[in-house]
Amino acid sequence: MQSKAELWQAGNGGQDMADGETPVLEARGITKIFGQHRALDGVDFAVRPGEVHALLGENGAGKSTLIKILTGAYQPDGGEIVLEGAPIRFTDPLNAQGAGIGTVYQEVNLLPNRSVAENLFLGRQPTRFGLVQRKAIVTEATALMAAYGLDIDVRAELGSFSVAVQQIVAIARAVELSGKVLVLDEPTASLDRNEVEKLFEVVAKLKARGLGIIFITHFLDQVFALADRVTILRNGQLIGTRDLRELTATEVVRMMLGKDLAYGHSTLPVAEAAKGPVKVTFTGLGRAGRVAPFTLSLHEGEVVGVAGLLGSGRTEMARLMFGVDTADEGEIMVSGKPLKIRNPAQAVMAGFGFCPEDRKLDGIFGELSVRENIIIALQAKLGWFRALHRDEQDEIAGRYADDLDIRAASHDMPVKLLSGGNQQKVILARWLANDPTFLILDEPTRGIDVGAHAEIVRTINRLREEGLALLVISSELDEVVAYSNRVVVMRDRQMVAELHGADITPAVIVAAIADNTGSAEARI
Amino acid sequence: MNRALRPLLATTAIFLLAYIAAVLQYPSMLSTRVLGNFLTDNAFLGIAAVGMTFVILSGGIDLSVGAVIGFSTVLIATLIMWAGLHPLLAFAITLVISAAFGAVMGAAIHYLKVPSFIVTLAGMFLARGGASVLSPDSIGIKHDLYTNISRSYILLPGGGRLTVIAMIMLAVFVLGIILAHRTRFGSYVYALGGNETSAALMGVPVARTTILVYTLSSTLAGIAGIVFSLYTSAGYSLSALGVELDAIAAVVIGGTLLTGGYGFVAGTFIGVMLQGLVQTYIVFDGTLSSWWTKIVIGGLLFLFILLQRLVFSASSPRKKAFRKS
Ligand SMILES: Nc1ncnc2c1ncn2[C@@H]1O[C@H](COP(=O)(O)OP(=O)(O)OP(=O)(O)O)[C@@H](O)[C@H]1O
Ligand SMILES: [Mg+2]
């Protein structure tokens, strides 16, 4: 089996074929209806060989649905798929894989219970006399992972690795499967800068080889850095396909939203904004092997931003604060009173809220409705004997759904049927509805469209003005700067810097993060 | 270490400790004679449990196993004694019918999206009912082949006997281990148990795998039925009552996660042997009621489900990722 791992080493051999005429994969007039809802309405889309084609749109616009139809995971209710000029029907993803289409679906869709090697090779393991050649798989998988800069034991369960590693495994698998087309549905959501660069290198080389690449993301800078053309969807309708050289970011955003983006960054410098008395203090909180003891207090009406590479201990810090992991040293004071927090229930009682990074794993109750997902934490805090009346539930769910612009056909729809970005907004709404006094947000804008991005930044600023203490973990430095009174920087599981006032600029933060390391190795 | 191994190691340790304790009390339990009987007496259970392991690994359950064994014994007995067929032909017919039975159940589970326990519960009633319709009474089987098979065995050092049916069981286990861990089919079974949606998106042939898993389970139940008829020289519609539950217990005690995706066929072997050990101990003791077997198995089952919860939910994946570093 020829591995594409060599792509990392080999030079760029092919020529630019972005102007090739026959599309390698094409969707013609695709319509998809879920119940009453038209997720796609007569959408045309075509990716040419040798081009990176960005597919953009707000949360719920229908991007993932289109991908699932193109790759056989869903059947269209109208329209047809054309592969290299010939109509084709993919009955299931295996079909599409066989035709040379490799896909990274939005939700990391691999098997946490199997080894990394098996995830990479499932369905195409080399066999001899029907027996899987395990040694060969392990060797090849190790080489493949090394090519992506990961030195890991490929025999270990995939689920034992961080989401970022899982994401890289998913990408590597899709790249290996893609003979003609590579589909990437928000592949960069949980990757750090170095890994994104690595991914871009691979994509550039595959493009040079003449593959068609479909790229979905909410990071506009990545679109401009990587893509040749863009197709924009809004509410299941095709808005248009354009050459990116003729477009500006503002125009792309206008096509996506149907209006200009209203940036809500508050005008007065946040660092100088008035803040109230100390709300919570963590003194020497730590857990061996996870986070070195740190000391941090947060005031009412203050946002503390947390910056650092993935795996630098940011999430672990939040998990300790919220009692998801128990600290083995340190103290917590809430409003001047010492408090023990050994589990999340106690944290909720203390008025804490925590919107986790990995919402798929830690946050969403897929089978429950949007309404139930929003009110569940509030209900847990009130106790089950003071059940919220249905009208109250509807009112609360409705209010936050409006505030955050959650797009769902109905609030009684199971959350798992919402688009990825809208699911994330539901979790955020849950913690806002819970009326916390101290709120921890871990990457609150991951996977959320530009319109909603601005909305969330606005919401953070509003909550701060209302007197909440907030701890916001984010890799989006522009945003961190826009809402933080203070920024703490994590590196190698330690709090290494605290930035105030004029020091809160992306440049200073980057310098503090990088310092002497700047390596992506931190996370493994 | 692979955390799926932990329950298996625990089972193995418990088995060894229990065996040592039993031997200390009754030294004669340490003999190839007792070991040979272990294997022979539990051959049909072991064979059925291999099939059950695949079903549970794939995230399902098969409640029809005991009934299919019962049906097979009756079918074999009627074919040999009433229709006058040669036992080998009777065996072949039984296997074809049980395989088809499993395939239909698997197809119903996949295409009709009915939970496996409902489909196989229906299968259980059908198979038991079918067996009683064939013959409500026990039919004794007399045939040279039966006599010959029950007479042949390999003499083990120490006087123990490795009977033909024990050898069949061991062979089934070996093949089961290879199938689970060394073939693509095996990896698909684990994939289904891990996450069916992901498996489908990764290109696992979900329909085919599901159907094959239940076909395998029913076919092995058919083989278990053949073995049971060899063991008892009879066919009876009410034989092997509740064996599906013993098989499930063996699988879970053997370290397979009841919700699927994690486990080992070899663990099931130890699960079966542990049940055999408890039975043998009770026979040696002589004063205990045989119901103690059920009580001990129940206790062990409880212990293991508890252990699995500890291993699989307390240690969230990410925690482990950091322990590695
Ligand atoms: N299986 C389903 N059943 C019902 N509705 C669905 C289903 N899958 C998607 N939808 C709906 O279709 C619409 C489009 O969803 P899709 O996942 O394609 O959005 P998206 O553009 O990928 O958004 P995001 O950027 O948030 O990932 C959404 O309104 C969603 O609720
Ligand atoms: Mg999507």
Side-chain angles (χ1 to χ4, degrees), chain A residues 68 71-73 92-98 103 105 107-115 118-119 121-125 127 130-134 152-153 155-163 165-166 170 173 177 289-291 311 313 315-316 319 324-325 358 361-362 416 493 521-524, chain B residues 1-6 56-59 110 174-175 177-209 256-257 259-264 308 311-325:
Chain A
K68 288 188 177 153
T71 58
D92 54 31
L94 187 60
N95 248 218
Q97 271 179 28
T103 312
Y105 293 96
E107 320 82 44
V108 178
N109 270 299
L110 296 178
L111 301 164
N113 60 326
R114 305 306 285 162
S115 71
E118 186 161 326
N119 271 285
F121 286 94
L122 185 74
R124 55 196 187 93
Q125 299 103 322
T127 55
L131 295 188
V132 170
Q133 300 301 104
R134 282 193 288 193
I152 57 177
D153 179 4
R155 286 164 307 182
E157 253 172 59
L158 182 76
S160 68
F161 294 101
S162 68
V163 185
V165 172
Q166 300 190 23
R173 177 182 163 88
L177 284 168
R290 307 281 217 91
V291 199
T315 297
E316 289 65 34
R319 288 167 67 95
V324 183
D325 300 323
D358 188 357
L361 273 178
D362 297 337
K416 66 171 183 190
R493 314 192 181 287
E521 253 56 274
R523 87 145 56 96
I524 304 159
Chain B
M1 183 187 64
N2 189 337
R3 63 196 171 126
L5 269 172
R6 276 180 248 170
I56 292 180
L57 279 176
S58 79
H110 178 77
V174 170
L175 291 177
I177 289 169
I178 294 173
L179 191 61
H181 305 298
R182 294 301 301 275
T183 65
R184 286 194 190 171
F185 169 74
S187 64
Y188 293 158
V189 171
Y190 282 96
L192 280 193
N195 183 336
E196 192 175 323
T197 320
S198 295
L201 289 177
M202 287 173 86
V204 168
V206 177
R208 196 179 76 204
T209 309
T256 296
L257 193 65
T259 47
Y262 293 95
F264 300 91
Q308 291 182 344
V311 171
F312 286 95
S313 53
S315 75
S316 99
R318 223 163 313 128
K319 293 184 187 170
K320 213 186 137 213
F322 290 120
R323 239 180 273 135
K324 294 177 88 73
S325 63

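First the proteins, then the strands, lettered A, B, ... as listed; each starts at 1.
Distance check, rounded to the nearest 0.5 Å: CG of B:Leu201 to OG1 of A:Thr103 gives 8.5 Å. We find the CE-CZ distance between B:Met202 and A:Arg124 to be 9.5 Å, quoted to the nearest 0.5 Å. If you take OH on B:Tyr190 and CG on A:Leu111, they are separated by 13.0 Å, rounding to the nearest 0.5 Å. We find the CZ-OG1 distance between B:Arg184 and A:Thr127 to be 5.0 Å, quoted to the nearest 0.5 Å. A distance of 10.0 Å separates CG of A:Leu131 from CG of B:Leu179, quoted to the nearest 0.5 Å.
The most heavy-atom pairs under 4.5 Å with chain B, out of A:Val132, A:Asp92, A:Thr71, come from A:Val132.
When all heavy atoms are compared, the tightest approach of B:Ser187 to A:Leu122 is OG-CD1, 3.4 Å. When every heavy atom of B:Ala200 is checked against every heavy atom of A:Pro93, the shortest pair comes out as O-CG, 3.2 Å. Contact detail for A:Leu94 and B:Gly203: the closest heavy-atom pair is CD1-O, 2.9 Å.
Both the backbone and the side chain of B:Ala191 come within contact range of chain A, with heavy atoms under 4.5 Å apart. Neither the backbone nor the side chain of A:Asn95 comes within contact range of chain B, judged by heavy atoms closer than 4.5 Å.
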